[in-house]
Amino acid sequence: MSDKDPALRANAPRLQLHVPEPLFRPGDTPDFSGIKVPAAGSAPRPDTSAPAVDTHPLTTNLVRVLDEQHRAVGPWDPKLDADTLRKILKDMVTVRVFDDRMYRSQRQGKTSFYMKCTGEEAIATATAAALDRDDMHFPTYRQQGLLVARGYPLASMMNQIYSNKGDPLKGRQLPIMYSDKAHGFFSISGNLGTQFPQAVGWAMAAAIKGDSRICMGWIGDGATAEGDFHSALTFAAVYNVPVILAVVNNQWAISSFSGIAGAERATFAQRAVGYGVAGLRVDGNDALAVYAAVQWSAERARTNAGPTLIEFFTYRAEGHSTSDDPSGYRPIDEAKAWPLGDPIERLKAHLLALDEWDEKRHSALTAEADATVRAAQKESEKLGILPQQGKDNVGSMFDDVYSDVPWHIAEQRDAALAEGRD
Amino acid sequence: MSDKDPALRANAPRLQLHVPEPLFRPGDTPDFSGIKVPAAGSAPRPDTSAPAVDTHPLTTNLVRVLDEQHRAVGPWDPKLDADTLRKILKDMVTVRVFDDRMYRSQRQGKTSFYMKCTGEEAIATATAAALDRDDMHFPTYRQQGLLVARGYPLASMMNQIYSNKGDPLKGRQLPIMYSDKAHGFFSISGNLGTQFPQAVGWAMAAAIKGDSRICMGWIGDGATAEGDFHSALTFAAVYNVPVILAVVNNQWAISSFSGIAGAERATFAQRAVGYGVAGLRVDGNDALAVYAAVQWSAERARTNAGPTLIEFFTYRAEGHSTSDDPSGYRPIDEAKAWPLGDPIERLKAHLLALDEWDEKRHSALTAEADATVRAAQKESEKLGILPQQGKDNVGSMFDDVYSDVPWHIAEQRDAALAEGRD
Amino acid sequence: MPTMNMIQALNDAHKVAMRADNDIVVFGEDIGFFGGVFRVTEGLQKEFGKTRVFDAPISEGGIVATAVGMAAYGIKPVIEIQFADYIYPGYDQIVSEVAKMRYRTAGEWPMPMVIRTPYGGGIFGGQTHSQSPESLFTHIAGLKVVIPSTPHDAKGLLLAAIEDPDPVIFFEPKRIYNGPFDGHHDRPVTPWTKHPASDVPEGHYTVPLGKAAVVRKGHALTVLAYGTMVHVALAAVEEQGLDAEVIDLRTLVPLDIATIKRSVEKTGRCLIAQEAPRTSGFAAELSALVQERCFYHLEAPVERVTGWDTPYPHAYEWAYFPGPKRLKRALEKVMAD
Amino acid sequence: MPTMNMIQALNDAHKVAMRADNDIVVFGEDIGFFGGVFRVTEGLQKEFGKTRVFDAPISEGGIVATAVGMAAYGIKPVIEIQFADYIYPGYDQIVSEVAKMRYRTAGEWPMPMVIRTPYGGGIFGGQTHSQSPESLFTHIAGLKVVIPSTPHDAKGLLLAAIEDPDPVIFFEPKRIYNGPFDGHHDRPVTPWTKHPASDVPEGHYTVPLGKAAVVRKGHALTVLAYGTMVHVALAAVEEQGLDAEVIDLRTLVPLDIATIKRSVEKTGRCLIAQEAPRTSGFAAELSALVQERCFYHLEAPVERVTGWDTPYPHAYEWAYFPGPKRLKRALEKVMAD
Ligand SMILES: Cc1ncc(C[n+]2csc(CCOP(=O)(O)OP(=O)(O)O)c2C)c(N)n1
Ligand SMILES: Cc1ncc(C[n+]2csc(CCOP(=O)(O)OP(=O)(O)O)c2C)c(N)n1
Ligand SMILES: [Mg+2]
Ligand SMILES: [Mg+2]
């Protein structure tokens, strides 16, 4: 035997397992002054055809456009016109109102489940503004903003949430697991991470066919630990795929903070570096920064310059879902202490600073969003709420397992229908 | 709908799928002059407690100790005594002789399968010399050198290869899928990549128990694409695990070159960076560099300073296995053109340069290795070769599925034994 | 004896085991500080510390893989997969590694570990919080598969599983975590307190693996069930006024074939109830076994009552679940033939 | 008609399909320049170019996942998993995504694709090159499962699978790639050229999914088999001189129940042969179905002849494989009862 004699390390220290802990637990006073927030405008903007390696400094930095005086500054300023800014603002407000109404609906027993994206509204809505209408998304359950921004009917979303007669998914999916081909919104999966490499596959197909549409895949910070994350990055790098891969780092995965996904050691944007993929770390509560980063990545993809991984740094301001109570694992006021602020307030302040907005218009916008959402809700609830479902059209639950109904499923359908008549 | 109008990109280029191709195919004349080989001694050696980020420059560089004049140079020189060098040389020669004999055995129909590690011998043997005897390995099928270096009986290896009466694995495993607890060599899996996060788990357990033994996981360049690679790096980073994770980049995965695993875009060592894990890229054909890198990583692990990912850059000089004929996908003479040379020749030249070796001793060493291997083979073949197996002890194939034999397996055993008597 | 629901009983089993054996470690998604989304691991981190009870990254493959490494080291992992629907990313490690390790190392590296996971529908969880994938594990030699149906059995079986030298996949019927469920979803929920098997002994005891329980004696037919379906079956035979013998399998692998055989030979009729989809579900194996071993005693075909060969549809949960009506029809069929 | 072995027939099916449909892409490990470790994709990259036929990273999960994305885009992936033993890292994507996508999107995103993979033992491949995991896919609603047993069927079934609107798991019995195998491993290998089903029509034809083939007519008993076991079963009944009807299932899901029922009602006896481990194998489902549907015609218990509930042991390959002796005993049992 050649190896060294273990006796030689008699004085070696005991090995230790490090188990990451979040900064604060219930009862603590959250204090994020330790979080380094780079100044808006300070991050350089490489050429979209730059080698991936040139983006490395950006993976530990933070692309920010809106400064403390609510001005858009620096090389990443996408220089959007006021109409576009107002459209993003409106979408964000609508999403927030929608979330609140549907959360309430769940609490009222009208459905089984709901998930908000409070505090993260800028990410999906500004992304939608930055891409083309026919680009494709493989979203998670926190990108409802994509559907809202793309004009998918709010009532259709609600119909899905209620699993009612108008539900495009025929009552088959858990609430918020939307899917709509016409709006380039791929079916949300309950299985975390699965959509990420699927997005790469879609973009591979686009490249194989010489298309010009690109694709964007989405994942949460927690879900980056799944093997599917690795598949996505590996295939994207190998085939130089025209895809944008977005990690929404809202710092929580149910009760686990992002350190449990590795955030103590590296940013999620840094993962890109390891694969030779371009990486950007972006203030996710800054709609302009979101827009700019997506625009940059889209141009890169469309010119065959390669994939980009964007980490949107944000904070999950509310519970994971209606099944979750975050006061069990973090201070209740942590969201308020979060230094990157509220995306709606920040964009509003920017428009105000530009003199393209005023409080009256803002109130009107909120009122309008409220009215729109209520109208949609009324329309949707006419088609039913969850507790009334599951009795009609029982036979439909046997459709679409296959293109045709094979004999064994037909037999089961007959049995289910007979059972219904019992 | 907010997104931009697709019509605006009427002149966008067609997207393209990039499919990586190796530099040379059969018929081409291999010319590796394009491969940048950093000078020996040029890579800096950070402190073993340095933050992972400090190793980033090392992930695109190459740790090399043996220079063109066969001297050991630079900060990574482990300053080994001549006995240790000769031990490594002997192990390498033994492995190569062993491989040749067993390859022949397979060709003679004495067993079903064999895999050589020709050209990669330095990696396992120098690693064994650098670790402590009781450290643990989770190897792949190309680390036979660990067993040889640790003094596992060659005849036992052969018994496994022949699935004969002396086979410690009772004829259950494909040849070369060794396993031996006493030699800290975990059961080789036929399922690529699975062992990599298992190694992390072993080291987590060592940390949980306050042990001082560390663990090393092994994987091939091709297999890094498996999700298990990602699990290993993620868990290692999250819990700051005392583990060394080695990627043996021999540039081929059966017929696929390393570009199909992402090597065109980044080195495998660079992957480490993305997780906040220390990364080293090492000349795998330089036994001293291998030793030095493992020694560095071991010290890091043992002092709770964190995990390390080492990429050993080497070249698979022969076919993937006895089932493979590489002339179908790469030039036959590619191995000879490979610039990093042969690890045995390089260490021999170093010892010669040190005046600690001569041609006569080398011939004697080779002859001795040959005799040892032949003697082991004779001993092993007394216990049988594969074509004679599978008839005796049929009942044993029903053991060890569970700790006890449950009734249904006992019934099956009875049936199998009855069948044997038919 | 304290009265416990199934969650409390499982929690207690962890505590009893961990107090007795320092080498037991518990990890999984959200199971540490928070105590798990179903609260089964509540308080464990506080009592046993962060290096024995900790949150894991969202990587079922990584969770199982690191558990393999730990078992190889010699400590005993008891891991949680948050929902059985999410076990598939860990399936390769379970099938290729956990199940085969003892065998392929000729006994040198057994893999004692427990993989706990809540399974089954009835909580409006939709397709990805309702699955019953047990048959996919019963096909894999080397795994034991255990499913409790009461707090008493949950604690005793979990302790037995933790002490077992082989890897155990431990499926927890989430619909009955908080109370037995007779399948009448439109009636008020019964809490466990009303059920005798909520009397859970303090401290250590085990319910042996591989032993079924005859939970109702009878002569007219045999009903084989496990998990939630035990309670649904009991209610159904009661409502039908049948003199049925109901067997709670408790362990699917290794199966208690002797108890099954004895019963079917007596009754001559057999109904098997499973919540999982029909085709290639474990009920198929049971049906084949009963037919092979009791053929000449059978007075009617062995019947299966199962979930459908579709994903578990959110709004149609109760049309999917094999409830009282489906059982009633099947019972009538078995008795009529 | 050209004479082909199964590899050539499968290769030809790819070519016929890809010439007719530009949207078919083929990828997998080592399948590009090299043409696959079993050479099924030989020459495809040369003919169809690198963007339609290419090597994939060693990531079965990534291969299936990107195929899902491609099918969502609207092109048709035909992918290879190098050995069925390595399909598990892709199991989550297959079970959770491929199988359920049409359903969960209410038909908007069907997942037409073919996942080809060699399976089964008999080549001294050891535990990880010999597995028969088909039953793990038959339990998953939404998947079709196809297994050819001859060159003729291999081409026709693969073409049908590629044209099918649903995802198909296409298991290729690797032991009979180069010739039919009667189970007598100690006798010389027969090449396909001697077998009538090696006559493979040129160009396009399909063998429909969901249709079994009665490969031998008979009255004394019915033998159900697929893949390699079809040939072993045929040889065994021949050697026993039994008037057996042998049915090659060809498609496990959806199953051709009508053909099975018709035969068992005629013969009154049924033997099922599978190479996979016994417990919860597909033979269990077949046994349950036959028993449920033909109970009053059965003169003896339905028998299963299977692989053992152990991993596939390298040296004991022939003690594991359900060969002539095991079949003989089972046949005798079915006939004696
Ligand atoms: C494969 C899988 N494992 C576990 C879960 C349970 N689960 C649902 S959401 C969630 C947390 C996800 O966190 P993150 O990815 O950060 O996304 P976020 O909810 O913060 O948007 C978990 C563990 C799941 N749905 N799928
Ligand atoms: C999960 C899995 N997929 C595929 C294979 C088939 N296979 C065996 S070795 C091999 C190539 C591995 O290449 P690499 O990781 O570079 O290791 P090397 O053989 O070069 O040492 C492949 C694809 C396997 N064994 N396991
Ligand atoms: Mg999150
Ligand atoms: Mg390699």
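Being a predicted model, the structure only gives us computed values, none of them experimental. Each chain gets a letter, A, B and so on, in the order its sequence line appears, and its residues count up from 1.
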### Query
Contact part of F138(B) toward chain C, heavy-atom cut-off under 4.5 Å: side chain, backbone, both or neither?
side chain

### Query
Would you say K46(C) has more than 12 foreign heavy atoms packed within less than 6.0 Å of its NZ?
no

### Query
With a 4.5 Å heavy-atom cut-off, do I208(B) and F54(C) have their side chains touching?
yes

#### Entry: Step-by-step side-chain contact (heavy atoms from CB on, under 4.5 Å) determination, Y73(C) to Q198(B)
CA-CA 10 Å; Y73(C) 179 92; Q198(B) 292 168 0; over 6 Å; no

### Task
Examine whether an atom of I140(C) lies under 4.5 Å from a heavy atom of chain B, and if so say whether it belongs to the side chain, the backbone or both; otherwise answer neither.
backbone

### Query
Can you tell if the side chain of E108(C) reaches within under 4.5 Å of the side chain of F186(B), non-hydrogen atoms only?
no

### Query
When rounded to the nearest 0.5 angstrom, what distance separates CG in D164(C) from CG in D404(B)?
9.0 Å

### Query
Considering only heavy atoms, which portion of A206(B) lies under 4.5 Å from any heavy atom of chain C: side chain, backbone, both, or neither?
both

### Query
Contact part of A258(C) toward chain B, heavy-atom cut-off under 4.5 Å: side chain, backbone, both or neither?
neither

### Message
Which heavy atom of A106(C) sits nearest to which heavy atom of L169(B), and what is that distance?
### Response
CB-CA, 4.0 Å

### Message
Can you tell me which portion of I188(B) sits under 4.5 Å from chain C's heavy atoms? Options are side chain, backbone, both or neither.
### Response
backbone

### Query
Can you find a heavy atom in the side chain of D228(B) that is under 4.5 Å from one in the side chain of Q93(C)?
yes

### Message
Using side-chain heavy atoms (C-beta onward) and a distance below 4.5 Å, is M101(C) in contact with S187(B)?
### Response
yes

### Task
Verify side-chain contact (heavy atoms from CB on, under 4.5 Å) between Y402(B) and V253(C), making sure each step is shown before the conclusion.
CA-CA 11 Å; Y402(B) 298 94; V253(C) 180; 3.4 Å; yes

### Query
So which of L255(C), L289(C), V25(C) has the largest heavy-atom pair count under 4.5 angstrom toward chain B?
L255(C)

### Query
Counting only heavy atoms not in K165(B), do more than 12 sit closer than 6.0 Å to its NZ atom?
no

### Test side-chain contact (heavy atoms from CB on, under 4.5 Å) applied to N22(C) and K209(B), step by step
CA-CA 9 Å; N22(C) 270 325; K209(B) 300 307 287 180; 4.3 Å; yes

### Message
Quick check on K144(C) against chain B: is it the side chain, the backbone, both or neither that has a heavy atom closer than 4.5 Å?
### Response
both

### Query
What part of D167(B) is in contact with chain C, defined as an atom under 4.5 angstrom from a non-hydrogen atom: side chain, backbone, both or neither?
neither

### Task
Against chain B, label D23(C) side chain, backbone, both or neither, depending on which of its atoms sit under 4.5 Å from a heavy atom there.
both

### Task
Determine whether M177(B) and R104(C) make a side-chain contact, defined as any pair of heavy atoms from C-beta on separated by less than 4.5 Å.
no

#### Entry: Within-4.5 Å side-chain heavy-atom neighbours: I63(C) and F235(B)
yes

### Query
Looking at CD of Q173(B) and NZ of K100(C), how far apart are the two atoms once the value is rounded to the nearest 0.5 Å?
10.5 Å

#### Entry: Contact class of Q160(B) relative to chain C, heavy atoms under 4.5 angstrom
neither

#### Entry: Shortest non-hydrogen separation from W109(C) to M136(B) and the atoms involved
CZ2-CE, 3.5 Å

### Query
Of the non-hydrogen atoms in D55(C) and Y239(B), which two are nearest, and what is the gap between them?
O-OH, 2.5 Å

#### Entry: V401(B), part contacting chain C, at a heavy-atom distance under 4.5 Å
both

### Summary
Counting heavy-atom pairs under 4.5 Å with chain C, the top scorer among N191(B), D180(B), T194(B) is T194(B)

### Task
Applying side-chain contact (heavy atoms from CB on, under 4.5 Å), run through S403(B) and R102(C) and close with a yes or a no.
CA-CA 8 Å; S403(B) 53; R102(C) 179 190 286 274; 3.4 Å; yes

### Query
Side chain, backbone, both or neither: which part of P57(C) has a non-hydrogen atom closer than 4.5 Å to chain B?
both

### Query
So which heavy atom on I75(C) is nearest to which on A205(B), and how close?
CD1-CB, 3.6 Å

